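Since the structure comes first, as C-alpha cells, the remarks are kept for the end.
Side-chain atoms are counted along with the backbone in the values below, which use heavy atoms only and exclude waters and symmetry mates. Please read these numbers as outputs of a predicted model, since none were measured by experiment. Read the numbers this way: they start at 1 and go in the same order the structure lists the ligands and their atoms.
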Amino acid sequence: MNQIIDPFNRRITYLRVSVTDHCNYRCHYCRDEDHQTHTKKSQVLTFEEIAKIVRLFAELGVTKVRLTGGEPLLRKDILDLTKMLGEIPGLTDIPLSTNAHLLPGLASKLKNNGINRANISIDSLDPVRFKEITRDGDLDRVIKGIDAAISVGIKPIKLNMVVMKGINDDEIESMTEFAINRGLDLRFIETMPIGLAGIEAVDRHYSERDILSRVRASYGDKLLPIQSKQTDGPAKAFKIEGTQTSIGTISAVSNNFCSSCNRVRLTAKGELILCLGQKDSVSLRDALRSGMSDSKMKQLILDAITKKPEKHFFDSVIDNISSRQMVEMGG
Ligand code: SAM
C-alpha cells in the first residue's frame, strides 16, 4: 500500500493543497461577483493537520505538493508550514501558486524556508485592465513581487496568464516579451467552466490553437518542444531558443488531458477533491478530527481515489458537476 493508483491506472503523485479559501484578489473568472468567504478558523485545517495529511500522501507515493488558495500568502505564519512540509520524507517538490501581491515582503523568507519555485498569476500588464480583471488588484505590487522573487533566487518562476477573448488576448505578445526580459517561464491558460464565474468566462474562451498560432507567428522556428516530467502539469510547452524562457498552454477545454491526470486536491477545509469538474469529495478533516488511525486514513484516501472519474465533462452537462468556485479549490 505505498502507491495511489486510480481505476484508470493513473498514478497520483501530485497533491494541490489550498491553505486558505480567502483571497485578496477577486478575479472575475475565479469567483462570482458577490461571492464572499465566510469560512471560520475552526473549519480550516491547522498546519499540523495539513502536515499530517501531506505525510500520509507522501507515504503513498506523492512527491509534489503545491501550496495554493485562495491566496496562500494570506495565511498567517505560512513560513511555518513550508518548513514543516520541507521535513516530510519523500516530498521532492513544494512549489507555490500566488498572485504575488504579498511577495515583496515575503520572497526572501519563503526562499529560506524551502520554496524554491513559484507560479505567479498575472493576466495583464496594463494597470487599469489588471485592476478590472482582479477587481481592484495592484499591478505595480505584483511586478515588485515578481522582481523580489527573482532577486532572491526563486527559480524557475512560471507566470500564468488566463487568456480571455476581448479582455486581454491582445497581450499575448507583450506578456511573452515580459517573460523573456526577466528570464521567466510563461503559461497561457484557457478559462475553465468552474463555478458560475468560470462558466460566464467561457464566453471569453480563447483557444489553445489561437494562442499557439499567435506565438508561432512571433517565434516560429525558435520554438523547441519540451518533453514534460511525469509530475509536470498538463501544459504543452516549448523553449524559446536563445532565451531562458519556456512558453506553453494549459488547455483543459480544447484538449482533454485527463488521461495523464496525476493529481488530487485538498481544500482549506480538508475536503479531498478528486476532479475539478465533479462534486465528489471526502472529508479528510473530519476523519482526522475523529481520531482515525494513520492506516485507516490511508485506506480512506485509497477508497476515495476509486471515485476519481476518467475525465471531466466541461463540454457537456452532467448531474455530478461541481458547484464550487475555483477560489475554493485552488486552481
Ligand atoms: N491566488 C493564487 C494565484 O493567484 O495563483 C492561487 C489560487 S488561483 C485559484 C490558481 C490559479 O487558478 C490561477 O493561475 C488562476 O488564474 C487560475 N484560475 C482560477 N479560475 C480559473 C478559471 N475559471 N479558468 C482557468 N484558470 C483559473
Measure and list all N/O to N/O distances between ligand 1 and the protein that fall under 3.5 angstrom.
from: ligand 1; atom 1: 1 (N); to: G70; atom 2: O; distance (Å): 2.9
from: ligand 1; atom 1: 1 (N); to: E71; atom 2: OE1; distance (Å): 3.0
from: ligand 1; atom 1: 4 (O); to: S121; atom 2: OG; distance (Å): 3.1
from: ligand 1; atom 1: 5 (O); to: S121; atom 2: OG; distance (Å): 2.6
from: ligand 1; atom 1: 14 (O); to: S121; atom 2: OG; distance (Å): 3.0
from: ligand 1; atom 1: 16 (O); to: Y29; atom 2: OH; distance (Å): 3.3
from: ligand 1; atom 1: 23 (N); to: Y29; atom 2: O; distance (Å): 3.0
from: ligand 1; atom 1: 23 (N); to: M192; atom 2: O; distance (Å): 2.9
from: ligand 1; atom 1: 24 (N); to: M192; atom 2: N; distance (Å): 2.7

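- For residues 69-121, the ring-ring contact (aromatic ring centres under 6.0 Å, His included) pairs, not counting sequence neighbours, are Y25-H101.
- Although no hydrogens or angles enter the test, the distance criterion places a donor-acceptor pair under 3.5 Å between the side chain of T82 and the main chain of N113.
- At distances below 3.5 Å, not a single donor-acceptor pair connects side-chain atoms of T249 with backbone N or O atoms of S251.
- Evaluation of the side chain to side chain donor-acceptor pair (under 3.5 Å) rule for K308 yields no partner, not counting sequence neighbours.
- To the nearest 0.5 Å, the span separating NZ on K109 from CG on L73 amounts to 11.5 Å.
- Annotation: side-chain contact (heavy atoms from CB on, under 4.5 Å) contacts of Q244 (sequence neighbours excluded): K155.
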